[in-house]
Each structure stands twice: as structure tokens, then as C-alpha cells.
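Ligands are counted one by one from 1 in listed order, and the atoms in each one are counted from 1 as well. Quick caveat, the model's predicted, so the values are computed rather than measured.
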Amino acid sequence: MNIENSCIVIFGASGDLTFRKLIPALYNLFRVGRLGQHFSVLGVARSELTDDSFRTKMRDALIKFEKAEGQELEDFCTHLYYQAVNTSEALDYAKLLPRLDELHDKYGSCGNTLYYLSTPPSLYGVIPECLAAHGLTTEEYGWKRIIVEKPFGYDIKTAKELDEKIHHYFEEHQIYRIDHYLGKETVQNLLVLRFSNGLFEPLWNRNFIDYVEITGAEAIGVEERGGYYDGSGAMRDMFQNHLLQVLAMVAMEPPAIINADSMRDEVAKVLHCLHPLTAEDVKNNVVLGQYVAGEVDDQMVVGYLAEKGVPADSNTETYMAIKCEIDNWRWAGVPFYVRTGKRLPTRVTEVVIHFKTTPHPVFSQNAPENKLIIRVQPDEGISMRFGLKKPGAGFEAKEVSMDFRYSDLSSASSLLTAYERLLLDALKGDATLFARTDAVHACWKFVQPILDYKAGRGRVYEYEAGTWGPTEADKLIAKHGKVWRKPSGVMKKKV
Ligand code: BG6
């Protein structure tokens, strides 16, 4: 699919996401020739900036974050424009009309417009309405698409309300709910690994898989985002979206063909099969935690309650572990243990498929388990662990691994980052890697009982920064006779 000439309008252009992720992603796409020359980027926010001062800000960010330089950088910056708008004031959107006309004329983009909502979530419902009031959502003159950043809603009720509002002005095929985890090469690779290899498919079910572990660990704390994070917590920030999407990639049925509809049908189907949690299940199968001061990477760090923007009596979880089950033929009885947290010992996202052991241990009581480790980040790759004979007398088995690293591929350096990939897809009109409304609702529906538990000030356990979370999480997986893997952040070297 080719990209048509278009204008990308970024609402929230003075925010962090714009200069850390969006502008760098667009710059890199431009640099490698994926954007062509016939595009413009219109930054929109309240701050009174001129085109020139916006360009200077973005140029500085690109030099800082992307080490950009030279003519390429200057050329890219000529595509950047800015318009100050009070985004909560419908009348003020009139200022966009002449600006958009001018840009569409200049770049021959015939009204094709991609709106990117990178504002506080309270404006996600307001902006579409204000755009519509000025005729900026109709597709009579060029296509109109809207990317909505997470969080899409705050719970099941607000997610539905937001959907309803946006659907007043945009059709579902125009709405791109972004989850940057779906833009990660290794998350997509889960699908290719599963559905292009005859080897795995027969084993990928309850008959051969004992349990699945999904970890999204971060060593960083809440940084400068204490205010946002405290209203969100690990469940809304990571679990409800990123990790449930990863779980869906692991557990979904193969789509008949790869296109936006059939892929997203399968994702929605499996998310709808998540076993609903009762209040009792939440107590037994969910562990919430909050970090206290400790040591990460040999540095003492403060506890969550001492972070900037966090109320001193906050009960917000910075860690969560959960046992989920999927009620369908493929997965009945296979637990999915999922955990995520800030201020854990390292940054690592991985999926571990733990296969069942042999029915009878012939060689030793502690025969190695067969595991398939899919490393999403960092050091992206796949490691298959299995038992082989320990050299020497006897028949003792030892765990060995066969490893594949993405970095070994000669083409790995040209991989697109998540935002690059997703922006490009949205410009092409390909929604395959964006969350559809039914999937988002299924995720909220599943987490709602946990939100209710939290709202009732359910128990949040302390854990020391730099550890793998509260000991209660160990007890959760111990019920299955297992321990959590403690990934180091780097995959073992080849044997
Ligand atoms: C964001 C969360 O969506 O994802 C952050 O808001 C989190 O809190 C980040 O740090 C993790 O993304 P990644 O790509 O670094 O794993």
C-alpha cells in the first residue's frame, strides 16, 4: 500500500510524546524515504508558537534524541507547521481551516488528514466534536483518520462513553486506537512464529503447554509522570492494554488471512474468552504492589510515595501480577501468569511458554523443562530451552538453549520502531495493528472487577525497589508449583 499525500495534525504538539516519539518517528520515516515529500505536519496546542519556534523546538529534540543533523534534518523541518488553538473551545478551531487549506494546497494532499490525539485524555471526546463543528471530519474532500492515544477510557463505562462520542463523528474504520506494543516487531513476530511454522501449531494448546508467563518489567520509576500515573497505576498503564494485547497474540486462533478485519476478529474473540473474575478470584488471583525505597542499578531510589506528583497516602499499584484463564478449547485449564511493574531489577518484556514435562522421568528426577522464551525487548529474540545429556558418566540431563537474536539479522538495523510502524500503517489506512472497539471493551470488562477491588481500597503490598515485586506474587505462582522466571535483561549466549 502506498502513502497518499497527506497532512498529519498533532493535537498536544507541545507535549512530551510529540517531541520524544512522534516527531522522531516521522523524521526517521522521512529519512528512509517512506514518507516521500508530499506531507505536512501541523502541530496544534494552546501555547503561542510560530512555525519557526515550533521547528526550532522539534529540531532540538531531533538533535538530542535522534542525533539528527545536516540537510536531511533541515529538509524535514520545512514540513513542520504550527497553529495555536484553545483545544477545548469549539470556536477556536476555525483557525485550523485556512491553515489546512494552505497545507493541502501546498502539498497536493487533497484534504487527506490524519489527526493524532496526544492530549490529556479529557480532550479525546472534545476534539472530534470541535473538528466536526467546522466540517473537518467529513470525507467529501479527502480521507480523515484519527489516532487516539491510550488510555482509551478509564474503565468500562468511560471507554464506552468515549467510543460513543467519537463514533458520532468518525466511523470505526477511521478510528485508530494506538497501542504501541502492537507496533513492536517482536510482538508481531509472535504471529509469524506461531502461524508460519508447522512445528509449533500442534503443540500450542492445553495438551502440551503447562502454563504461560508474560512479564513486562521496568527498572524505571514513574519519572516526571507521577500525576498521570497515580490516576492510572500498573493495571491501566500496562496491563489493560499492552500486556493483554500480547496475551492475545499468544493465545488467539490463526486468522484465515492477514487483514485488519480477520486479525482483529480473532483478537477480540480470545479476549472475550478471558475467564471473568469474581470478587473472590480477584483476592486469590491478583496481587497488587507499590514500591518503597530500594536500590536499582546500584543506586538508591525513593519509594513511590516520595515521587513528584504522588499523594502521600496513595494506594496506586506500581506492580501487578495476575493468573488469567481462557475459557476455550485450546486453553482450558492452562494458567497465564502475567506481571508488570516499575522499579523491578531490570527492563525486560518476555513471553515464556512452559511445555509439559515428559510423562515419566527416565534420566533424572529434575529433568529440565522445555521452554520457549520469546524476548520482546531488549535483546529481541527467541530461545528454546531443552535437556541434553551432561557430558561424562551416567545419563544426567542438563538444560541447554538454541537462541536466535534479531540483531544477528543483517536487515535488523532497518527495523521500524513501534511508532514508526504504526504511523506509517495509519497513513496507509491499514488498521491491522490498532485495537478495535470490541477488543478494547473486552479488556476493560475483564479488568473491571480489579478496578472495583482497588476502588474499595483493596490490599496493595509493598515491595522494595530493585526486587521482583511483593512476595505474595511468588505465592500466587507457587500454587501451581512454579516460580517466576527472573530474566536478566540479556539472553544467554549461544551454547
Ligand atoms: C507506556 C506507559 O504506555 O509504556 C509507560 O505509559 C511505560 O509507563 C511504557 O513505561 C513502556 O513502554 P516500552 O515500549 O518502553 O516497553
message = For Tyr229, which part has a heavy atom under 4.0 Å from ligand 1: side chain, backbone, both, or neither?
response = neither
query = Of the options Tyr181, Trp444, Phe446, which is the one that meets Leu244 in a side-chain contact (heavy atoms from CB on, under 4.5 Å)?
reply = Phe446
ask   = Under 4.0 Å from any heavy atom of Lys150, which atoms of ligand 1 are there?
value = 1 (C), 2 (C), 3 (O), 6 (O)
ask   = If you measure from OH on Tyr229 to NZ on Lys342, what distance do you get to the nearest 0.5 Å?
value = 5.5 Å
inquiry  = My understanding is that we take every heavy atom of each candidate and find the minimum distance to atom 15 (O) of ligand 1. Doing that for Arg347, Glu218, His180, which one comes out nearest?
reply    = Arg347
note = CD of Glu307 to CZ of Arg343, rounded to nearest 0.5 Å, is 6.0 Å
task = Show which atoms of ligand 1 fall inside a sub-4.0 Å distance from at least one heavy-atom site of His242.
result = 1 (C), 3 (O), 4 (O)
query = So, Asp452 and Gln448: side-chain donor and acceptor under 3.5 Å apart, yes or no?
reply = yes
ask   = Should we count CD of Glu224 as having more than 12 external heavy atoms under 6.0 Å?
value = no
ask   = Can you tell me if Asp237 has a non-hydrogen atom under 4.0 Å from ligand 1?
value = yes
note = Candidates Arg225, Lys184, Lys342; heavy atom nearest atom 14 (O) of ligand 1 found on Lys184
task = Please could you name the atoms of ligand 1 that Gln377 approaches to less than 4.0 Å, counting only its heavy atoms?
result = 13 (P), 16 (O)
key: Spacing of Arg177 atom CZ and Leu182 atom CG [to the nearest 0.5 Å]   = 12.5 Å
